[in-house]
Amino acid sequence: MGNTVLDVKNLLTQYYTNGGVIKAVDDVSFSIPKGQTVCLVGESGCGKSAVAMSIMGLIDGGSGGIKNGEILFEGKDLLKLKKHELRQLRGNDISMIFQEPMTSLNPVLTIGGQIMEPLMEHELISKKEAKKRALELIELVGIGRAEEIFNSYPHQLSGGMLQRIMIAIALACSPNLLIADEPTTALDVTIQAQILDLLRSLKEQRDMSMLLITHDLGVVAEVADYVIVMYAGKVIEEGPVVELFKNPKHPYTKGLLKAKPVINQRQEELYTIAGQVPNLATLTPSCYFSERCEQCMAICKEQMPKINDLDNGQRVACWLYEEVTTV
Amino acid sequence: MKGYVVKRLFYMIPTLFGASILIFFLYSLVPGNFIDADQNLTAERKAELYELHGYNEPVVIRYFIWLKNLLKGDLGYSLQFQLPVGEVIGNYIWSSFIVALASLILTWFIAILVGIVSAIRQYSIWDTFITIIVFAAMATPSFFLGLVIIKIFAVDLGWLPAGGMISTGSNFTGWEYVKDVAEHMILPVLVLTMLGIGGLTRYFRTNMLEVIKQDFMRTARAKGLKERVVIFKHGLRNALLPAITLFSFELPALFGGAIITEQIFNWPGIGAIYMQAFSVRDYPLLMGFTMFIAVLTVLSNLLADILYGIADPRVRVKK
Ligand SMILES: Nc1ncnc2c1ncn2[C@@H]1O[C@H](COP(=O)(O)OP(=O)(O)OP(=O)(O)O)[C@@H](O)[C@H]1O
Ligand code: SF4
Ligand SMILES: [Mg+2]
């Protein structure tokens, strides 16, 4: 460990759906070094949120569960902790912000009260002290009129403001790891940039580590140190951001990068990857991307490629590279 | 807020005015009245009584006389009891009220509790069990339920009195009296509660299930709050909001009497009086009482709106 904040090993998370049990996260391993931002990317439904919810221990037992693996946070396996021990970490050492700021705050409680909650829960401080800290947090996330905001209710604020409040709540107890699940998807483009800047600068200031989930590769290019690409519950490629953008290996990653709109550059038609994400309930041993892959080979339909290290620090799971490394 | 309440009080005037017209003419235009219904009266006596009670006036004039008296707080004169309607209501309403109130509190308490538990243990054996009981209670006709309960608790076990409000021939005072009435109340309250509980339990279960799916519940958990705080502080408060309307509907019913249970348990409440007034065509009593309930209903609506304003910040600012 030492320099690693989070180390996820062979995580297997299932959901029980009408179509059967699905592996939303299938044998996923990755780690987040201290002070770094790791981005998790992939199309909708590939299991990004499921990874985040697994780390937070927030998967509702009625709809799914973690079946295998380890989640080591600062050396402790979160999956072996008792319920109340995990609860004491949540909102304290590990925090999370969500995609929908408009619905993520309780409509009948004041903003101030909601910021004070984690402080009062995890730190032995008086109500007065908590209020002072809450006001500081509101200033910290770049909203003025702290006193007024403190006493207002969620419906009185805009989406961008609410996401700032969510960040304030997440940062209240100075976590070592911040998980942000598509924090800007629901916001206007201009606000998106502001929120990202805020997250980035706060991360620097406080020397946090961050797991940023997004399907926006523009965001990745701006903030990530390391990128993990998921497809149908599996990690199919990962690597340092510069390498991965310069030299994507997996046909899916290549497709994603091609599909990314380039700012200030007019494109006649935006490239899209043909086909759809497979149904997770009916997967057979194969490369899960094979249905959509232009370079699909015979073996791709029969066996699942393992993830392998390449020389430049990248890792990829694709038969195209298997031979190169094994022969 | 104060200005809003005053404004709403003014809005009540046309509503109540409309209600008074409806109530008066519905009862006045039905053929027959208390005097006609009495077979023992001679034609002369009938004519005298007609004159005395103003039945010879045109109906519109009678309406305005009635309205004028209402505005003075006079609900009319019950022919059957030979007492002012206000006094008749006053004599019987409180016995109905205590039973209804006890049952209301019990029903809401149980329904909220069961709703919460079923919602957090959805589809567990407990949830299924509650669902079955609730449907059984909802499907059982009240007179049948009442009789079964009397048979079990009053006749077979002999634990509780079968009917009435006080033990016959008793002369209790003070605490003894309270205890006696309380004992007589148990069975009617039980039956009323069993009848009301089904719908309300389903209602709270659905509300809670809706609320626990919300994003802010996930946020509350992500903060590391205790499950108890998540459910009660974040969940229950939001689930209770839509119940305010329902609650305000129940308030007039507190004074309306429960006809069936009052009949089965021979409880001297206003519901039984109301039924009796129908059979002898004591229209002044019926009109006065209906008007009284109309006023309560309008007031309860106002109360619901005020409560919403207090409980839901999204409503508060709009005013
Ligand atoms: N509560 C749940 N019950 C059943 N299935 C679920 C549940 N939550 C997610 N899933 C399924 O698990 C899979 C992974 O979902 P997940 O939410 O992790 O995707 P995602 O990558 O976060 O997508 P998005 O970009 O849309 O947020 C999907 O197929 C989804 O349908
Ligand atoms: S393993 Fe085969 S099908 Fe899958 S991405 Fe590589 S080439 Fe395409
Ligand atoms: Mg998601």
Side-chain angles (χ1 to χ4, degrees), chain A residues 49 52-53 55-63 83-111 113-123 151-156 162 165-166 169-170 172-173 175 178-179 181 186, chain B residues 1 116-128 131 205 207-245 304 306-319:
Chain A
S49 298
M53 297 305 268
I55 298 169
M56 291 297 283
L58 286 179
I59 293 189
D60 158 39
S63 61
K83 257 191 177 159
H84 72 273
E85 291 171 325
L86 187 58
R87 190 173 63 64
Q88 282 159 5
L89 285 181
R90 278 206 294 264
N92 191 8
D93 296 318
I94 311 177
S95 290
M96 181 159 175
I97 55 180
F98 303 93
Q99 179 172 345
E100 287 289 342
M102 296 300 221
T103 53
S104 290
L105 287 156
N106 191 327
V108 302
L109 302 177
T110 61
I111 298 288
Q114 299 190 58
I115 301 179
M116 278 160 63
E117 261 183 336
L119 287 166
M120 305 285 290
E121 181 69 41
H122 299 297
E123 295 182 16
N151 289 315
S152 56
Y153 288 90
H155 70 274
Q156 293 167 300
L162 290 175
I165 297 298
M166 285 300 290
I169 292 173
C173 299
L178 176 66
I179 303 175
D181 189 353
Chain B
M1 193 68 177
I116 292 170
V117 177
S118 320
I120 44 187
R121 305 220 179 289
Q122 196 187 0
Y123 304 126
S124 65
I125 296 195
W126 157 261
D127 186 31
T128 315
T131 309
R205 181 177 178 275
N207 272 4
M208 263 322 260
L209 281 178
E210 193 51 46
V211 169
I212 56 174
K213 282 195 305 224
Q214 303 285 316
D215 288 350
F216 62 77
M217 295 294 277
R218 187 182 58 188
T219 308
R221 291 204 175 88
K223 285 175 178 176
L225 302 181
K226 296 188 185 70
E227 193 59 19
R228 181 166 37 91
V229 179
V230 174
I231 294 291
F232 284 92
K233 182 172 171 192
H234 288 267
L236 188 58
R237 225 183 123 177
N238 280 282
L240 280 177
L241 275 184
I244 289 177
T245 316
I306 294 173
L307 284 179
Y308 261 120
I310 294 169
D312 190 341
R314 285 162 297 189
V315 178
R316 209 177 302 160
V317 277
K318 284 196 199 115
K319 287 168 190 166

Whether the side chain of B/Thr219 engages the backbone of A/Ser104 through a donor-acceptor N/O pair (distance < 3.5 Å, no angle test) should be reported. yes

Check: A/Leu58 main-chain N/O paired with B/Arg221 side-chain donor or acceptor under 3.5 Å: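 It does not hold such a pair.
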
By a 4.5 Å heavy-atom criterion (distance strictly below it), what part of [X] contacts chain B: side chain, backbone, both, or neither?
{"X": "A/Glu117", "value": "both"}
{"X": "A/Ile169", "value": "side chain"}
{"X": "A/Ser95", "value": "neither"}
{"X": "A/Met102", "value": "neither"}

How many angstroms lie between atom [atom1] of [X] and atom [atom2] of [Y], to the nearest 0.5 angstrom?
{"X": "B/Gln214", "Y": "A/Glu100", "atom1": "CD", "atom2": "CD", "value": "11.5 Å"}
{"X": "B/Lys226", "Y": "A/Gln88", "atom1": "NZ", "atom2": "CD", "value": "8.0 Å"}
{"X": "B/Arg237", "Y": "A/Leu109", "atom1": "CZ", "atom2": "CG", "value": "6.0 Å"}

Nearest atoms (heavy-atom pairs only) where B/Gly224 meets A/Glu121: O-CG, 3.6 Å

So, for A/Pro107 and B/Pro313, which heavy atoms are closest and what is the spacing to 0.1 Å? O-CG, 3.2 Å

A/Asp181: what forms a side chain to side chain donor-acceptor pair (under 3.5 Å) with it, not counting sequence neighbours? A/Ser49

For B/Arg205, enumerate each residue passing the side chain to side chain donor-acceptor pair (under 3.5 Å) test, keeping only those at least two apart in sequence or located in another chain.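 Testing B/Arg205 for side chain to side chain donor-acceptor pair (under 3.5 Å), a comparison that skips the adjacent residues, returns B/Asp127.
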
Between A/Met56, A/His122, A/Met120, A/Met53, the one whose heavy-atom pairs under 4.5 Å with chain B are most numerous: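 Ranked by contacts with chain B, first place is A/His122.
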
Has B/Arg314 got its NZ or CZ under 6.0 Å from the middle of the six-membered ring of A/Tyr153, at an angle within 45 degrees of the ring axis?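 No, B/Arg314 and A/Tyr153 do not form such a contact.
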
Evaluate the criterion salt bridge (charged side-chain N to carboxylate O under 4.0 Å, His left out) for residue pair B/Glu227 and A/Arg87; output intermediate values, then yes/no. CA-CA 9 Å; B/Glu227 193 59 19; A/Arg87 190 173 63 64; over 6 Å; no

Distance-only side-chain donor-acceptor flag, B/His234 / A/Gln114, under 3.5 Å: no

